[in-house]
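Inspection log for the structure reproduced underneath, given as structure tokens.
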Amino acid sequence: MERKTLDQREEMSDLERLRHSCAHVMAAAIAKLWPDAQFADGPAVDNGFYYDVELSHRITPEDFPKIEAEMKAITKANAPFERVIVSRAEALKLGETGHLGALADRSVPSKFKLDLLKDIPEGEDISCYRSGDFLDLCAGPHVMRTGNIRAFKLTTVASAYYKGDEKNPQLQRIYGTAFPNKTELDAYFAMLEEAKKRDHRKIGAEMGLYVMDTEYTGPGLPLWLPKGAAICEQLEKLAKETEFAGGYVLVKTPHVAKEKMYKTSGHLPYYAESMFPPMEVKEAGEGTETADRYYLKAMNCPHHHRIFAAEQRSYRDLPLRLAEYGCCYRYEQSGELFGLMRVRSLNMNDSHIYCTPEQFAAEFNAVNEMYLKYFKIFGLEKYQMRFSTSAPEGMGKKYVDEPELWKQTEDMVRHVLKDSGINYIEVPNEAAFYGPKIDVQVWSAIGREFTIATNQVDFAVPKRFGLTYRDKDNTDKTPLCIHRAPLGTHERFIGFLIEHYAGNFPLWLAPEQVRVLTIGEDAAVVEFARGILNELRAAMVRADADYGTDKINGKIQRAEQAKVHTMLVVGPRDVAAGAVSVRVHGKGNQGVKPRAEVIANILQAIRERCP
RNA sequence: GCCGGCGUAGCUCAAUCGGCAGAGCAUCUGAUUUGUAAUCAGAAGGUUGUCGGUUCAAGUCCGACCGUCGGCUCCA
């Protein structure tokens with residue numbers, strides 16, 4: 001974990017202060033129940049706090065009431081949080097006697113606290129906080145007294161590696177949350193319950209959008225059902241229209257490639273563990289036998305690079321924008337799979353733009369504008385643009401060893417961002433190995449953060465593939481490449497949209513756009529309904545009809561539950577009038593209108609992609 | 001991949017201390033001619049995730065595996 005600077009600590013909000021203080025109270029309660037507890041870090045986080053602890057006893061949610069009761073007693077005692085500045089020698093002694101993160105001296109040292117002590121730079125104050133008998137190494141700040149903590153609750157227990165490193169021991173991480181008062185605490189849990197109802201895994205199953213056939217297809221390999229596939233199709237159509245207008249050209253590439261492809265790109269061996277294992281293919285020949293390894297493609301870029309290389313390129317051909325809805329396969333670790341958000345087969349809204357340095361700013365900016373255009377269509381407002389740059393310590397290891405090029409391209413991107421007035425944060429040491437990137441971060445219903453779109457600069461891989469264009473001065477030059485996926489992947493983007501809309505898709509995206517519901521079984525009514533259905537389908541509207549013998553209430557109930565966007569109710573009265581009664585999902589009865597007008601309105605709303 | 005929780009009909013969930021595996025919805029069959037959120041009746045549906053163990057007896061206890069959920073690590 002990054003050490004917070006003094007300034008950042010000063011900025012800690014009242015709520016963070018409260019939560020971090022509550023973490024101390026929880027630690028004190030655990031120390032009382034299990035004196036051998038060894039505490040590591042216990043910060044405030046987005047929705048509460050946690051404390052990492054090593055403990056022989058395996059804490060389960062059944063222990064929570066017991067811990068919470070101890071916490072209650074501590075807050076009731078209302079002891080002050082006292083800040084104690086100690087010398088390094090004193091701190092070491094407290095650690096050696098096991099008194100850091102503990103109620104008293106112990107026979108074993110506070111090993112994690114001693115380790116954390118090493119991270120405090122010489123010359124910086126070493127502060128401890130005492131609340132009642134509990135003493136902890138801590139930078140603070142805290143609330144005044146334990147009694148200031150009035151509303152708290154433990155939520156889950158999980159495991160976490162010490163300092164987030166796989167090689168370190170796993171600790172028990174106990175999560176809790178705290179709020180200024182009980183009303184806000186209750187409201188938070190009510191909100192969580194609501195969020196769970198938006199979970200794309202739940203809605204995806206209810207609406208019949210996709211299934212994970214883990215037994216036959218495999219984990220992380222979704223089967224898109226007709227209704228989910230319909231959404232994929234609409235996204236793809238949107239992307240193709242937008243890209244066509246933006247001067248992109250479509251290409252198509254196979255799902256497998258020889259080992260040489262990924263050796264050249266640099267993905268092998270570094271990316272190998274994220275790829276499906278290779279297939280050995282033997283070709284028997286006349287007295288010879290050749291063997292090749294083929295890999296399922298984990299990304300489209302190498303294929304596109306080879307398309308660039310397939311023809312002679314002049315500066316007059318640039319920028320060249322190759323686009324493809326390419327299906328890639330990544331062998332994500334089993335514990336990382338998460339519904340549609342993290343899968344092993346992914347359809348990327350991919351493109352690679354090859355350009356000269358002079359063209360770069362305009363191209364990069366056009367990509368950003370494309371993002372914003374999409375976000376407007378989807379009414380996406382809560383996102384964070386994240387500009388990831390390199391760091392000197394990673395040069396030649398995590399990043400290709402071209403410090404000058406890094407600086408140049410990072411400056412180029414920074415300028416584009418500043419000039420376009422886009423709001424963003426800059427994060428050092430998070431770039432791709434081939435260049436800086438901009439990711440768009442969003443949050444799932446249950447609060448998990450995801451990259452939904454990405455825009456990356458690549459000044460390294462085209463060189464590895466020997467890509468060149470003939471410039472004005474009659475010399476061969478290597479193009480810059482922009483990798484971009486504004487709609488990310490179908491899987492993640494649709495997972496996100498399900499939660500964003502809570503399954504209530506706008507008309508243009510709704511899996512079932514229209515359902516015609518008949519009243520009675522009168523032949524004239526059914527014929528009238530069928531006429532409307534046929535007209536809608538001829539116009540590519542995803543429409544269906546319910547001619548069954550149920551009462552209209554039953555038909556409406558089922559259509560509403562299926563989240564059908566528009567219901568057209570027709571009965572004998574409507575046949576006579578040449579009209580239909582319109583009902584919109586979640587909005588109720590919209591009244592009777594002439595048939596032609598209703599159909600025209602539907603087609604217009606779809607064409608304009610009304611929100 | 002690691003730590004922990006969970007796995008009963010298509011779905012949501014019952015089944016007391018280890019003692020005959022059940023309900024609602026959905027499905028199927030029949031009846032019902034219906035105007036804005038559920039018409040009635042009947043039928044069918046299971047090697048309790050898989051494999052092994054303990055026991056007179058296992059959905060229930062133990063172990064391994066598979067899957068999934070919450071995190072960690074990682075990432076579009």
Side-chain angles (χ1 to χ4, degrees), chain A residues 50 52 58-62 155-175 199 201-202 205-206 208 211-215 218-220 271 273-274 298-300 328 330-343 346-350 430 432 437 439-442 446 448-456 483-493 495-496 517-523 525 548-561 567-574 581-592:
Chain A
Y50 66 77
D52 283 346
R58 173 70 56 192
I59 293 179
T60 69
E62 280 90 75
T155 49
T156 52
V157 54
S159 83
Y161 300 104
Y162 177 57
K163 286 186 169 174
D165 191 331
E166 258 179 308
K167 292 187 280 292
N168 286 337
Q170 282 199 310
L171 308 174
Q172 301 188 58
R173 176 168 293 181
I174 302 141
Y175 283 90
D199 192 314
R201 293 167 296 186
K202 184 176 158 68
E206 283 167 358
V211 288
M212 289 291 182
D213 186 359
T214 55
E215 193 181 349
Y271 199 76
E273 65 176 36
S274 290
M299 59 283 301
N300 301 303
C328 298
R330 297 182 184 175
Y331 195 76
E332 304 290 356
Q333 295 186 40
S334 60
E336 290 163 353
L337 300 175
F338 178 68
L340 283 177
M341 300 292 205
R342 193 75 182 276
V343 292
L346 24 98
N347 288 278
M348 297 181 76
N349 168 223
D350 214 354
E430 285 290 324
K437 61 177 180 173
D439 290 323
V440 182
Q441 303 302 110
V442 295
I446 56 173
R448 207 180 285 198
E449 183 176 336
F450 284 98
T451 299
I452 198 76
T454 188
N455 188 5
Q456 314 179 346
H483 305 234
R484 45 107 279 180
L487 297 179
T489 64
H490 277 332
E491 289 73 16
R492 186 173 289 181
F493 204 81
F496 171 77
L517 312 176
T518 56
I519 300 171
E521 276 187 283
D522 187 78
V525 170
T549 62
D550 299 298
K551 281 165 66 175
I552 190 64
N553 279 343
K555 295 185 183 183
I556 285 171
Q557 167 84 8
R558 272 192 300 285
E560 288 281 359
Q561 280 177 348
M567 288 149 273
L568 301 180
V569 177
V570 298
R573 292 204 302 252
D574 305 302
S581 165
V582 180
R583 183 186 169 99
V584 174
H585 172 58
K587 295 198 179 118
N589 194 347
Q590 307 289 299
V592 179

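By convention in this document, chain letters (A, B, ...) are assigned in the order of the sequence lines, proteins followed by strands, and residues within each chain are numbered from 1. Excluded from the calculations below are hydrogen atoms, water molecules and symmetry mates; all remaining heavy atoms, backbone and side chain alike, are included.
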Report yes or no: is there a donor-acceptor pair, N or O only, under 3.5 Å between the side chain of [X] and the base of [N]?
X	N	result
A:R583	B:A37	yes
A:Y331	B:G1	no
A:N553	B:G35	no
A:Q170	B:C2	yes
A:T549	B:U32	yes
A:R342	B:C74	yes
A:S159	B:G71	yes

Answer with base, sugar-phosphate or nothing: what part of the nucleic acid does [X] contact at a heavy-atom distance below 4.0 Å?
X	result
A:T489	base
A:K587	nothing
A:F493	nothing
A:Q561	base
A:P61	nothing
A:T214	sugar-phosphate
A:A158	base
A:R330	base
A:I552	sugar-phosphate

To the nearest Å, how far apart are [X] [atom1] and [N] [atom2]?
X	N	atom1	atom2	answer
A:Q172	B:C2	CD	P	18 Å
A:Q441	B:A76	CD	C1'	10 Å
A:D550	B:U39	CG	P	7 Å
A:L517	B:U33	CG	P	20 Å
A:M341	B:U68	CE	P	17 Å
A:L340	B:U68	CG	C1'	15 Å
A:E166	B:C3	CD	P	12 Å
A:E332	B:U73	CD	P	15 Å

Among [options], the nucleotide that comes nearest once only the side chain of [X] is considered:
X	options	result
A:R573	B:G35, B:A76, B:U73	B:G35
A:R58	B:G4, B:C72, B:A38	B:G4
A:Y175	B:G35, B:U34, B:C72	B:C72

Short side-chain N/O contact from [X] to OP1 or OP2 of [N], under 4.0 Å:
X	N	answer
A:K437	B:A76	yes
A:R558	B:A37	no
A:S334	B:G1	yes

Might you point out which heavy atoms bring [X] and [Y] nearest each other, and give the distance in Å?
X	Y	result
A:P486	A:A453	O-CB, 3.1 Å
A:T451	A:Q441	OG1-OE1, 2.7 Å
A:K587	A:Q590	O-NE2, 3.2 Å
A:F338	A:R201	CE1-NH1, 3.1 Å

Check your understanding: Can you find a side-chain donor-acceptor pair between A:S159 and A:Q172 that sits under 3.5 Å?
Key -> no
Review point. So, the side chain of A:R484 versus the backbone of A:N349: is there a donor-acceptor pair under 3.5 Å, distance only?
Key: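 Checked: pair present.
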Review point. Is the glycosidic angle of B:C65 within 90° of 0, making it syn, or outside that range, making it anti?
Key: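 For B:C65, whose glycosidic angle is more than 90° from 0, the conformation is anti.
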